[in-house]
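Below is one structure; the comments refer to it alone.
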Amino acid sequence: MENSAQSARLPHLNTSELFNEIKNPAFRRIGLMGRAGKRTVTTTLVQIGQTIHEMGMSLIMDVETANLPTLDLTELSQVQIVKRSLIGEICDLVIVVGGDGSILHAAEALAGYRVPVLGVNRGRLGFLADVNPDEVAFKLREVLLGDYQLDHRFLLTMEIREDGKVLFEDMALNDVVLHAGKSVHMIDFQMKIDGQDVYRQHSDGLIAATPTGSTAYALSGGGPIIHPSMDAICLVPMHPHTLSSRPIVVSGTSEIVIQIHKDNRTQPMVSADGKASIALEQNHRLHIRKHPDKLTLLHPPGFDFYEACRTKLHWNVHAEEFSLDEDED
């Protein structure tokens, strides 16, 4: 393992020098995905694509990414373009460029496969997309030499049922959110966990979050940060009409069932990972439980969840005298 001074210099090396020692790469068919947005996203997509070509790997891109208006495919050569639903089947590594939202968007297509996902951050926090653009070449080298960590994240499945029939279903990596849409009225609903009554609540809604989603919307709602290795679901009330209502952490094997109370005065909506909201009627039941598939995240060596919390949530903003590293005289 190179020392820190060597590591700092490596990203500035010529690409051919950087990868000339890769004889038997850990991955050969590399998928590349991104979402419309900043010009920097397509710039990074081209840079990664060119690097993959120079390394002698196969480059696969999904149709949606290939059709991004700011992406010039003439800057890349020999790109195989496939449907997004196929990219997880034919690739052995997928690189997603963007923010955490890009990872969430890609999760639907990739969760059913064991293909690992490497996120390159072109967003804000980047809890899921944890590689910075200026270190992609160096990090790819480490990964292709077989130096990486795999991180299996569980997902949630939500079903809207009526008389036992499933009317709608979706999946979420972060959270399933019950909310009041544009209404200023609170939602009146009842919740059961594993068949046991929990409460009837008046609130703006409820966030059911995975450990992955505990650092997203649930965190802003006052929920706890849950380590990704935990098998747990966090239920965070949104502005409940009682001071005693607090987040609940339950087993990852739990099934949460929500029913809208007959006295409810507004139109409740439900959404998975911020996708289009679906109306929830009084005769419907919202079922939330663990999804049978998982999403496999790939981290380059040195990934540390607590370090990510310190830097991305600014835990490391402190006075010098409170530094974790104490100088010894």
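We count residues from 1, following the sequence as given. Just so it is clear, the model here is predicted, and its values are computed rather than measured.
We find the CD-CD distance between Q282 and E162 to be 10.5 Å, quoted to the nearest 0.5 Å. Put simply, NE2 on H291 and CG on L155 are 6.5 Å apart, with the number rounded to the nearest 0.5 Å. Taking CG from D100 and CG from N174, the interatomic distance works out to 7.0 Å, rounded to the nearest 0.5 Å. Atom CZ of F168 is separated from atom CG of L280 by 11.5 Å, given to the nearest 0.5 angstrom. We find the CG-CE distance between L104 and M171 to be 10.5 Å, quoted to the nearest 0.5 Å. We find the CD1-CD distance between I278 and E169 to be 12.0 Å, quoted to the nearest 0.5 Å.
Y148 meets the ring-ring contact (aromatic ring centres under 6.0 Å, His included) test with F27; sequence neighbours excluded. A search for side-chain hydrogen bond (donor to acceptor under 3.5 Å, both in side chains) contacts involving S85 returns nothing, not counting sequence neighbours. Remark: Q47 pairs with no residue by the side-chain hydrogen bond (donor to acceptor under 3.5 Å, both in side chains) rule, at least two apart or across chains. When the side-chain hydrogen bond (donor to acceptor under 3.5 Å, both in side chains) test is applied to D231, the partners found at least two apart in sequence or on another chain are K290. T296 is linked by a side-chain hydrogen bond (donor to acceptor under 3.5 Å, both in side chains) to H152, counting only residues two or more places apart in sequence or in another chain.
Within a 6.0 Å sphere centred on CG of D163, other residues, nucleotides and ligands contribute 12 heavy atoms or fewer. Within a 6.0 Å radius of NZ in K83, no more than 12 heavy atoms belonging to other residues, nucleotides or ligands are found.
Contact check on R28 versus D92 returns no salt bridge, with no Lys/Arg side-chain nitrogen under 4.0 Å from an Asp/Glu carboxylate oxygen. Salt bridge annotation for R265-D263: absent, with no cationic side-chain nitrogen under 4.0 angstrom from a carboxylate oxygen.
Looking only at atom types and distance, the side chain of Q267 has no donor-acceptor partner in the side chain of S183 under 3.5 Å away. A donor-acceptor contact closer than 3.5 angstrom links the side chains of T44 and R122. Q78 and H53 share no side-chain donor-acceptor pair at under 3.5 Å.
Proximity of L295 to V117: side-chain heavy atoms (C-beta onward) are separated by under 4.5 Å at one or more points. Here the side chains of R35 and V41 are not in contact, with every heavy-atom distance at 4.5 Å or above. With contacts defined as side-chain heavy-atom distances shorter than 4.5 Å, the pair E108/K275 qualifies. Under the 4.5 Å side-chain criterion, counting only non-hydrogen atoms from C-beta, L206 is not in contact with V177. With contacts defined as side-chain heavy-atom distances shorter than 4.5 Å, the pair L45/L68 qualifies. Under the 4.5 Å side-chain criterion, counting only non-hydrogen atoms from C-beta, M55 is not in contact with P25. Put simply, the side chain of M33 does not reach to within 4.5 Å of the side chain of S102, judged on heavy atoms. Contact of the T266 side chain with the I187 side chain is registered, since non-hydrogen atoms from C-beta on lie closer than 4.5 Å.
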**Report entry** Verdict with supporting geometry, I256 and H287, side-chain contact (heavy atoms from CB on, under 4.5 Å)
**Finding:** CA-CA 6 Å; I256 298 98; H287 291 250; over 6 Å; no
Query raised in the report: Under the side-chain contact (heavy atoms from CB on, under 4.5 Å) criterion, do D188 and R200 qualify, and how do the steps go?
Result: CA-CA 7 Å; D188 185 351; R200 175 183 173 185; 2.6 Å; yes
Requested in this report: Kindly determine whether I87 and L110 satisfy side-chain contact (heavy atoms from CB on, under 4.5 Å), including the steps that lead there.
Outcome: CA-CA 8 Å; I87 198 165; L110 302 175; 3.6 Å; yes
Query raised in the report: What do the steps show when you test S58 against Q80 for side-chain hydrogen bond (donor to acceptor under 3.5 Å, both in side chains), and what is the final call?
Result: CA-CA 8 Å; S58 298; Q80 182 182 355; over 6 Å; no
Query - Stepwise side-chain contact (heavy atoms from CB on, under 4.5 Å) test for M191 and L235 - result: CA-CA 11 Å; M191 182 172 71; L235 303 172; 3.9 Å; yes
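A donor-acceptor distance shorter than 3.5 angstrom exists from the side chain of R39 to the backbone of T70, with no hydrogens or angles considered. Within the 3.5 Å criterion, the main-chain N or O of T242 finds no donor-acceptor partner in the side chain of S245. Although no hydrogens or angles enter the test, the distance criterion places a donor-acceptor pair under 3.5 Å between the side chain of D273 and the main chain of D175. Remark: side-chain polar atoms of E135 are paired, donor with acceptor, to backbone N or O of N132 under 3.5 angstrom. Of the possible polar contacts, one joining the R246 side chain to the L243 backbone as a donor-acceptor pair under 3.5 Å is found. At distances below 3.5 Å, at least one donor-acceptor pair connects side-chain atoms of D62 with backbone N or O atoms of T65. Between the side chain of R29 and the backbone N or O of I90 there is at least one donor-acceptor pair closer than 3.5 Å.
Under the 4.5 Å side-chain heavy-atom criterion for grouping Ile, Leu, Val, Met, Phe, Trp and Tyr, L32 is not connected to V115 through any hydrophobic cluster. Transitive grouping of hydrophobic side chains (ILVMFWY, heavy atoms separated by less than 4.5 Å) brings V97 and V136 into a common cluster. The hydrophobic clustering, which links ILVMFWY residues whose side-chain heavy atoms are closer than 4.5 Å, places V131 and L93 together. The same ILVMFWY cluster, assembled from side-chain heavy atoms under 4.5 Å apart, contains both M158 and I233. Connection of L71 to I81 is established within a shared hydrophobic cluster, with ILVMFWY side chains joined at heavy-atom distances below 4.5 Å, either directly or through further cluster members.
The two residues S214 and I226 come nearest to each other via the heavy atoms OG-N, 3.0 Å. Contact record, L178 with P268: CD1-CB, 4.1 Å, taken as the closest heavy-atom pair. Of all non-hydrogen atoms in A272 and A172, the two that sit nearest each other are CB-CB, 4.0 Å. Taking all atoms of both residues into account, the shortest heavy-atom contact from F154 to A232 is CZ-O, 3.2 Å. Contact detail for L128 and R153: the closest heavy-atom pair is CD2-NH1, 3.8 Å. Among all heavy-atom pairs drawn from P300 and K139, the shortest one is CB-CD, 3.6 Å.
Each of S203, S271, S277 was evaluated against H179; a single residue qualifies, S277, per the side-chain hydrogen bond (donor to acceptor under 3.5 Å, both in side chains) test. For the side-chain hydrogen bond (donor to acceptor under 3.5 Å, both in side chains) with E159, the qualifying choice from K165, R289, H284 is R289, the only one to do so.
For residues 202-256, the set of pairs meeting the ring pair (Phe, Tyr, Trp, His ring centres under 6.0 Å) definition, not counting sequence neighbours, comprises H227-F305, H227-Y306.
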